[in-house]
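Structure, as structure tokens:
Quick note on labels: first sequence line is chain A, next is B, and so on, each numbered from 1.
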There are 2 protein chains.
Amino acid sequence: MEVQDRRVKRTQRLLAQALIELTLERGYESVTIRDITERADIGYATFFRHYTDKDALLHEVLEVVLDEMLLLLQPFKADADPASVGTLLFRYVQDHSEVCRVLLSSRGSMGLLQKVIETGTRNVLEQHTPAEQSQVPIEIAAHHIVASSIALIQWWLDHDLVYSAEQMGTIYRDLIVRPTEALAFND
Amino acid sequence: MEVQDRRVKRTQRLLAQALIELTLERGYESVTIRDITERADIGYATFFRHYTDKDALLHEVLEVVLDEMLLLLQPFKADADPASVGTLLFRYVQDHSEVCRVLLSSRGSMGLLQKVIETGTRNVLEQHTPAEQSQVPIEIAAHHIVASSIALIQWWLDHDLVYSAEQMGTIYRDLIVRPTEALAFND
DNA sequence: ATCGTATGATATACACTGTATCACGTGTAC
DNA sequence: GTACACGTGATACAGTGTATATCATACGAT
């Protein structure tokens, strides 16, 4: 069995939850490991039995989210309606808004967001065929789709999800996908 | 006379230069104040006679750049060719690539990049008149223009300025400005 | 019920921050 | 050019957070 000890899972769950809470309350940088362990009601030294430092904990927390998100968008091919794909994406953000806020606010502390963009760009490039004579290099076009989408999510979170996930999906299609595909991709 | 003491200007110049160098070498977070003062060959305590902390120094360094950039793009109105404005922008980035790299890599440690986006968005909104029936809210459209431009600059820096500033200006117009204006603005 | 192990509590070494102090040297003003 | 003002260098110090080590205890797996 690969199943972990209940105590381990409990400790890691409490630490992750505490990190998310404290980051949303006071910002990632100002949260200390002692803060996390106290909020989680876990011994200070115990933290280091699971993670080397604060970034490692955050990294693990966010990797789960990112894997889920990638898995969510993976099955869709270029022939699907971009608005539907977008709606799925924004629905996921809606259902995991706390963690997404942490992810987007803690950028910079490590190259995590950059890794997300790289992975996403690769995905976009795989799912599209480049146009013959395009003014815009496909690497730039793919990067633009991913980075703009993240910026759009950021805006949505900063404005407390004022529009529905469906509306955001449509905006995502009209503002980002359609114009970029028209310029650089055959489809 | 408002002119500062030569020693003050010298110290601040050395500290700023040291911060930029070290940040490009090892990343902003891992640079300590002691590192900066040693590289600048300045007494440790002297640092605090000018800045409260590391972020204050970075903030001052970047504010100069941002003011210059805003001043550069300010005179242009909506009737100018977006590609020309874009070329100017990318030329500025080219001529100040080191500081721009620091700005874009150190995001997160403070809300600086977010402030840039907010200021830029306000500017875009002032220079455009919203279309009557648009599917895309103008706040989102303006935010998209600014955030996408920053992402494009980021891509350019990460790929060692492989294209010319003129080419990037054209891409900026075709990929970002034209599609967004067509959707949300009368011009 | 027993063994293995995760945890709690505590102590410690270490690094960095931020402040205080004083002697020294440079810049400015006259 | 001289005198004074002031910025600087060097050092010491307290405070805070990190990371490791140790030992007794309590929990989980079998």
Which residues share a side-chain hydrogen bond (donor to acceptor under 3.5 Å, both in side chains) with [X], sequence neighbours left out:
| X | result |
| --- | --- |
| A/Asn123 | A/Gln74 |
| A/Arg49 | A/Thr46 |
| A/Gln17 | A/Glu21 |

Nearest-Å distance for atom pair [atom1]/[atom2], residues [X] and [N]:
| X | N | atom1 | atom2 | result |
| --- | --- | --- | --- | --- |
| A/Gln4 | C/dT5 | CD | P | 14 Å |
| B/Glu38 | C/dA15 | CD | P | 13 Å |
| B/Tyr51 | D/dG7 | OH | P | 14 Å |
| B/Asp5 | C/dG25 | CG | P | 17 Å |

Exercise for the section: Decide, yes or no, whether a salt bridge links A/Asp5 with A/Arg10 under the criterion of side-chain N to carboxylate O below 4.0 Å. Expected result: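 No salt bridge links A/Asp5 with A/Arg10.
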Exercise for the section: For DNA chain C, determine which residues of residues 8-22 of chain B have any heavy atom closer than 4.0 angstrom to one of its atoms, and list them numerically. Expected result: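 Close to the strand, none.
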Practice task
Kindly calculate the angle separating the two end axes of the helix from C/dA1-D/dT30 to C/dC30-D/dG1, each obtained from five base pairs, and round it to 10 degrees.
Solution key: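 That helix has its two terminal axes inclined by roughly 50°.
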Problem - 5'-most by nearest nucleotide on DNA chain C - B/Arg6 or B/Arg49 - result: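 In this pair, the answer is B/Arg49.
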Can you sort out the partners of [X] under side-chain contact (heavy atoms from CB on, under 4.5 Å), two or more places apart, ordered by chain and number?
| X | result |
| --- | --- |
| B/Ala40 | B/Leu14, B/Leu15, B/Ala18, B/Ile42 |
| A/Val146 | A/Ile117, A/Thr121, A/Val124, A/Ile150 |
| A/Ser149 | A/Ile145, A/Tyr172, A/Ile176 |
| B/Ala147 | A/Ala151, B/His143 |

Practice task
Report yes if a side-chain nitrogen or oxygen of A/His50 is closer than 4.0 Å to either non-bridging phosphate oxygen (OP1 or OP2) of C/dT7; otherwise report no.
Solution key: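 So the side chain of A/His50 is within the cut-off, an N or O lying under 4.0 Å from OP1 or OP2 of C/dT7.
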Problem - Phosphate OP1/OP2 of C/dG8 contacted by A/Thr46 side-chain N/O (<4.0 Å) - result: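 Checking A/Thr46 against C/dG8: at least one side-chain N or O falls below 4.0 Å of OP1 or OP2.
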Practice task
Name all residues meeting the ring pair (Phe, Tyr, Trp, His ring centres under 6.0 Å) criterion together with B/Tyr44; count only those two or more places apart in sequence or in a different chain, and write none if there are none.
Solution key: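 For B/Tyr44, the residues satisfying ring pair (Phe, Tyr, Trp, His ring centres under 6.0 Å) (neighbours in sequence not counted) are B/Phe48.
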Handout entry: Partners meeting ring pair (Phe, Tyr, Trp, His ring centres under 6.0 Å) with B/His50 (sequence neighbours left out)
Key =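 B/His50: no ring pair (Phe, Tyr, Trp, His ring centres under 6.0 Å) contacts found.
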Problem - Aromatic centroids of A/Trp156 and A/Phe90 separated by under 6.0 Å - result: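 Yes; A/Trp156 has its ring centre under 6.0 Å from that of A/Phe90.
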With the criterion being N/O to N/O and under 3.5 Å, what pairs connect the protein with nucleotides 16-18 of chain C, and how long is each?
| unit_1 | atom_1 | unit_2 | atom_2 | d |
| --- | --- | --- | --- | --- |
| C/dT17 | OP1 | B/Ile33 | N | 3.2 |
| C/dT17 | OP2 | B/Ile33 | N | 3.3 |
| C/dG18 | N7 | B/Tyr44 | OH | 3.2 |

Exercise for the section: Tell me what A/Arg7 touches on the nucleic acid: a base, only sugar-phosphate, or nothing, going by heavy atoms under 4.0 Å. Expected result: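 Counting heavy atoms under 4.0 Å across all strands, the contact made by A/Arg7 includes a base.
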